[in-house]
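The next block holds one structure in the form of structure tokens; read it before the comments.
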Amino acid sequence: MNIASVLANTARAQGDDPAVFLGERPVWTYREMARRAAALGGGFRRRFGVTRGDHVLLWGPNSPEYLEVMFAAWFAGAAIVPVNVALHQREVASIAENCGAKTCFVPMAKIGALEACMTSGPHVRILPLERTALHDLHGDECDHAEIDISDTAWIFYTSGTTGRPKGARLSHQSLLAMALAYLADVDFVSAQDSFFHLAPQSHAAGLLMLPHVMKGARNVVPDPAGFDPDEVCRLTRVFGSVTSFMSPTMLRRFIASPALDAHVIAGTRTILCGGAPLYVEDMKRALSVLGPKVWNGYGQGESPCTISALPKAWLADTSHPDFERRLASVGIARSGLEIAVWQEDGPPSRTGEGEIAVRGPIVMSGYWGNEEATAAAMRDGWLLTGDLGVIDADGLLTLKGRTKELIISGGSNIYPREVEEVLLRHPGVAEVAVIGAPDPKWGEKAVAYIVARDESEVTAADLDTLCLSNIARFKRPKEYRFVPTLPKNNAGKILRGEL
Ligand code: AMP
């Protein structure tokens, strides 16, 4: 089963339904979209000999053409390698070389810069991602290639807030399981629904596009590409029944938009949020402004969109005795996945505290060309996530932070997330990151970086008092640093290494 059949099937059953919009402007129906992908896939095969097992790299801002190339590569039997648009051309070149991509699509204006960084020679084709240029590559429409469901469909280079990025191999099966689990756990989807491509198509928007194409929904790519909360509000008024993925930072900006009114709220169906912690205070604010529309999903490139999630219905159930505990969690295992706490010297445990492990068809097959990293991340069929958490008897997963972020002070564990949750309760604190720093007496100490809200007069003494009345004394930060902003990558993740 080739994941390209998701588009081919929809084109057959709902060919006249609109598939893609650029801003408000209709671009293709499903029939047209499938034809273009099949013709480009045919062109890939005939002109360049692209075939099963090849890798086609994409590096560019969100666009309808991005989707065309993704499906065309699958039609031809190749895997796609969508690369974060914010990366430097040197980083893109090193990814292209790492995965051996022979065909790369990038905006015309970037071709020269990328070519200059490639050291693997002239046999790599760097082609423009613009519509007219793609049109010139069209050949005879091809049927989607015969492949094995375990073939790699997508190599997902992890965003790499630390170290060199690694390419997680996601099979056609993984993408199919992800799309079906979406329909099982989030919302049913129809042609009346719209999916807004706000996050990068190289990441969440590209992955979550699949269940929406599967059910013939409208894919809307803002023009210009990127995230402008006021424009999102305007387009929501136009389309209605809107779902999108936002990082917690994007969600905060959306909620603060002056353009957010009752029509926009009514037209918003679901905001899928994740990629970084969504704190209790964020959830409460979102709930009070939007109602129960935010779906907090915990995942990673190695088990995409996602591992666990907090069902929207639980947000509506405010009188439930576990309401607060649920808000602080990342919910329960997604359909088709098992979660466990990994223990070094024993079988994984269904409950308890430790490193979170996951297994099931969504999970990656391993890292591309990196046996060592694969062996470190995958044991006995389980993916070790590198995230610390607690799984309760009722299956609720609460994250504590990354294993590498754990602070050990005087032999006791301090989970940054726990301290951050407390600091965010102060009305003057807008954002916070707690990290470990060397300490001659305790080995490590907690240091809090605080972004204060405008005009607030929050002090270190206030925050210390807040911590003392909520958490153990040893956990409180020994130092507070007030900063105007926190460094983040374009997925909204705090770059703790820089702090
Ligand atoms: P990436 O592979 O770049 O998407 O990063 C995945 C990592 O982001 C996970 O391993 C978690 O540490 C973190 N993460 C993702 N989603 C959430 C979430 N909903 N809440 C807290 N942390 C998250």
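Residue indices begin at 1 and follow the sequence shown. Note that ligands are numbered from 1 as they come in the structure, with each ligand's atoms numbered from 1 the same way.
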Do the numbers put Arg169 on top of the ring of Trp368, so that NZ or CZ is under 6.0 Å from the six-membered ring centre and no more than 45° off the axis?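 No - Arg169 does not lie over the ring of Trp368 by the 6.0 Å and 45° rule.
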May I ask whether Gly297 has any heavy atom positioned less than 4.0 angstrom from an atom of ligand 1?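 Contact present.
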Polar atom proximity, [X] to ligand 1 (N or O, under 3.5 Å):
X      : answer
Gly274 : no
Thr158 : no
Thr385 : no
Gly275 : yes

Residues Tyr157 and Asn98: side-chain donor-acceptor under 3.5 angstrom: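 Looking only at side-chain atoms, Asn98 and Tyr157 do form a donor-acceptor pair, the distance falling under 3.5 Å.
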If we ignore angles and hydrogens, is there a donor and acceptor under 3.5 Å between the side chains of Glu302 and Tyr367? yes
At a non-hydrogen distance cut-off of under 4.0 Å, which region of His203 contacts ligand 1 (side chain, backbone, both, or neither)?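 Under 4.0 Å from ligand 1, His203 contributes no heavy atoms.
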Region of Thr306 engaging ligand 1 - heavy atom pairs below 4.0 Å: neither
For atom 7 (C) of ligand 1, state which one of Gly299, Ala276, Gly331, Ser303 supplies the nearest heavy atom.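 Looking at heavy atoms only, Gly299 sits closest to atom 7 (C) of ligand 1.
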Between Phe71 and Trp74, what is the ring plane arrangement, given parallel below 30°, perpendicular above 60°, and tilted in between? perpendicular
Would you call the rings of His212 and Tyr182 parallel, tilted or perpendicular, where under 30° means parallel and over 60° means perpendicular? perpendicular
Ligand-side contact atoms (ligand 1) for residue partner Arg402, heavy atom cut-off under 4.0 Å: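 Going through ligand 1 atom by atom, the ones under 4.0 Å from Arg402 are 9 (C), 10 (O), 12 (O).
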Below 4.0 angstrom from a heavy atom of Leu399, which ligand 1 atoms are there? Numbered from 1 as shown, please.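 It comes down to these atoms of ligand 1: 20 (N), 21 (C), 22 (N).
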In this structure, which one of Lys400, Arg402, Arg417, Lys404 forms a side-chain contact (heavy atoms from CB on, under 4.5 Å) with Leu388?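 Passing option: Lys400.
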Are there over 12 heavy-atom neighbours, none belonging to Arg90, within less than 6.0 Å of that residue's CZ? no
